[in-house]
Amino acid sequence: MKLVLTEPKYFSDSISIISELVNEVTLKVQKDKIDIIAMDPANVAMVLFTLLSPVFTEYEVDKTKEISITLEQLKQVLKRAKPGDTISLFLEEKQNKLKIKIVGNSTRTFSLSLINIDEKEQKVPNLNFPIKVTTSTSFFDEAIEDMGVIADALSLSVEKDKFLVNASSSLHSAEVELVKDENTFIENSSEKVTSKYSLEYLKKMIKASKLSNKVQIQFDKDYPLRLDYLVKDKMSLSFILAPRVSD
């Protein structure tokens with residue numbers, strides 16, 4: 001296996017974001033893509049990541065490989081690459097290591113030990129979403145940060161052609177409203193739908209806005225939330241977040 005990246009942003013930034021939620025992952029390296037499906041330790045959030053082979057300048061994979069690794073260590077190595085550096089990944093199966101070579105003004109080589117993850121393969125839940133909002137990441141990021149001033153959870157609502165984000169505490173409240181226009185697509189049922197989610201998790205997830213300028217938001221009443229950050233022909237980074245069900 002040999003993988004070479006001359007534009008490592010999509011891999012290194014995604015690994016950094018995913019590491020905020022999970023500690024260990026299995027990279028499923030296939031003939032045309034790399035997949036990660038992982039659940040956070042509290043079983044509240046799931047991460048779905050796909051990096052397509054066209055992102056790589058060299059992509060040599062003879063058969064599917066599963067590489068289990070500690071994310072913090074991988075993140076720290078990838079952060080050592082400077083803009084313009086080339087990153088190459090090699091699997092050393094006999095040594096049970098992932099070798100990472102960073103080439104720029106110098107050549108630096110890191111060998112990371114692989115780990116065993118004793119858990120069943122994660123399955124993506126089959127979810128049906130009647131609510132779908134596609135909008136700019138800048139709007140959604142600002143709305144999340146606004147709500148963080150007020151509370152530790154927020155509610156997402158859709159009513160007719162409006163998308164609402166609001167939060168409240170015993171003393172304070174806040175609301176952000178977005179209407180359907182040429183930059184925002186809202187698909188919903190005729191009735192108002194509201195669901196509540198943790199801001200702690202959302203603040204980690206919206207860091208994916210550095211990868212894409214659009215986010216697709218899907219949810220339903222007291223139902224999981226799905227966020228999708230897509231870069232056509234390159235990658236996708238998605239999150240599924242359990243709702244906070246009201247008493």
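Computed from a predicted structure; not experimentally measured.
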Next on the checklist: Less than 4.5 Å apart, side chain to side chain, heavy atoms only: is that true for Leu112 and Leu114?
Outcome noted: no
Closest heavy-atom pair, Asn128 versus Pro130, reported as atoms and distance to 0.1 Å, is O-CD, 3.7 Å
- Candidate pair Val25 and Ile15, rule side-chain contact (heavy atoms from CB on, under 4.5 Å), full reasoning: CA-CA 10 Å; Val25 297; Ile15 290 297; 5.6 Å; no
Linked, directly or transitively: Leu52 and Phe11 (ILVMFWY side chains, under 4.5 Å): no
Test side-chain contact (heavy atoms from CB on, under 4.5 Å), reference Tyr201, set Leu225, Ile206, Asp40, output is Asp40
### Query
Just wondering, do Ile144 and Leu199 contact through their side chains at under 4.5 Å, heavy atoms?
yes
- Message: Does Gln76 form a side-chain contact (heavy atoms from CB on, under 4.5 Å) with Arg80? I'd like the steps, not just the answer.
- Response: CA-CA 7 Å; Gln76 293 301 332; Arg80 299 305 304 151; over 6 Å; no
Checklist line | ILVMFWY cluster, Leu164 and Phe219 together (side-chain gap under 4.5 Å) | finding: no
Thr107 side chain to Val103 backbone, donor-acceptor under 3.5 Å = no
For this session: Ignoring hydrogens and angles, state whether a donor on the side chain of Ser168 or Ser173 is under 3.5 Å from an acceptor on the partner side chain.
Result: no
In short, Tyr59 meets Lys31 closest at the heavy-atom pair CE2-O, 3.3 Å
Original post:
Any side-chain heavy atom of Phe239 sitting closer than 4.5 Å to one from Leu21?
Top reply: yes
- Under 4.5 Å between side-chain heavy atoms, hopping through other hydrophobics if needed: is there a path connecting Ile150 to Leu154? no
Are side-chain heavy atoms of Val47 and Ile37 found at a separation under 4.5 Å?
no
Any chance the side chains of Lys196 and Ser155 put a donor and an acceptor closer than 3.5 Å? no
Above 12 or not: heavy atoms from other molecules or residues under 6.0 Å from CG of Asp62? yes
One should read off an interatomic distance between Glu175 CD and Met147 CE, to the nearest 0.5 angstrom, of 8.0 Å
Open item on the list: Would the distance check show the side chain of Thr57 and the main-chain N or O of Val4 forming a donor-acceptor pair, the cut-off being under 3.5 Å?
Closed with: yes
Apply salt bridge (charged side-chain N to carboxylate O under 4.0 Å, His left out) to residues Arg244 and Asp152 and explain how you reach the verdict. CA-CA 11 Å; Arg244 279 196 178 182; Asp152 63 357; 3.3 Å; yes
Using only heavy-atom distances, determine whether the side chains of Glu72 and Asn23 contain a donor-acceptor pair under 3.5 Å. no
Exercise for the section: Just do the salt bridge (charged side-chain N to carboxylate O under 4.0 Å, His left out) check on Asp85 and Arg108 with the steps written out, would you? Expected result: CA-CA 11 Å; Asp85 285 356; Arg108 291 165 287 160; 3.2 Å; yes
Interatomic distance, CD@Glu58 vs OG@Ser88, rounded to 0.5 Å, equals 7.0 Å
Item to complete: Given side-chain contact (heavy atoms from CB on, under 4.5 Å), test Ile36 with Thr26 step by step and report yes or no.
Response: CA-CA 6 Å; Ile36 293 175; Thr26 297; over 6 Å; no
Met39 and Val22 have their tightest heavy-atom pair at O-CG1, 3.4 Å
Rounding to 0.5 Å, atoms CZ (Phe163) and CZ (Phe140) come to a distance of 5.5 Å
ask   = Hey, are the side chains of Thr194 and Leu156 touching, using non-hydrogen atoms and a 4.5 Å cut-off?
value = no
Between Ser195 and Asp222, is there a donor-acceptor pair closer than 3.5 Å when you use the side chain of the first and the backbone of the second?
yes
In terms of heavy-atom contacts, Met235 and Leu211 come closest through CE-CD1, 3.9 Å
* Is Phe90 reachable from Val77 through a run of hydrophobic residues whose side-chain heavy atoms are each under 4.5 Å from the next? -> no
- Message: Does Lys97 have more than 12 heavy atoms from other residues, nucleotides or ligands lying within 6.0 Å of its NZ?
- Response: yes
Honestly curious: do Phe49 and Leu230 fall in one hydrophobic cluster under the side-chain, below-4.5 Å linking rule? no
Here the gap from Met1 atom CE to Lys99 atom NZ, rounded to the nearest 0.5 Å, amounts to 11.0 Å
Is the shortest heavy-atom distance from the side chain of Met46 to the side chain of Pro125 under 4.5 Å? yes
Heavy-atom nearest pair, Glu7 first then Val55, reads O-CG1, 4.5 Å
Mark yes when over 12 heavy atoms from residues, nucleotides or ligands other than Asp32 sit less than 6.0 Å from its CG; otherwise mark no.
-> yes
OH of Tyr229 to NZ of Lys214, rounded to nearest 0.5 Å, is 12.5 Å
Checking Thr135 against Thr184: is there a side-chain donor and acceptor pair closer than 3.5 Å?
yes
For Ala38 and Gln122, the nearest pair of non-hydrogen atoms, with its separation, is CA-CG, 4.4 Å
Between Ser209 and Asp141, does any side-chain donor sit less than 3.5 Å from a side-chain acceptor? yes
Is any side-chain heavy atom of Ser14 closer than 4.5 Å to a side-chain heavy atom of Leu51? no
Here the gap from Gln218 atom CD to Ile240 atom CD1, rounded to the nearest 0.5 Å, amounts to 9.5 Å
Are the side chain of Ser136 and the backbone N or O of Phe139 linked by a donor-acceptor pair below 3.5 Å?
yes
message: Within the 4.5 Å heavy-atom criterion, are Leu98 and Glu92 side-chain neighbours or not?
response: no
Query - Verdict with reasoning, Ser238 to Asp228, per side-chain hydrogen bond (donor to acceptor under 3.5 Å, both in side chains) - result: CA-CA 4 Å; Ser238 304; Asp228 292 290; 2.4 Å; yes
After noting the C-alpha distance and the side-chain angles of Val158 and Val133, does the key distance pass the side-chain contact (heavy atoms from CB on, under 4.5 Å) rule?
CA-CA 9 Å; Val158 166; Val133 178; 4.0 Å; yes
Does the side chain of Asp35 come under 3.5 Å of the side chain of Thr50 through a donor N or O and an acceptor N or O? yes
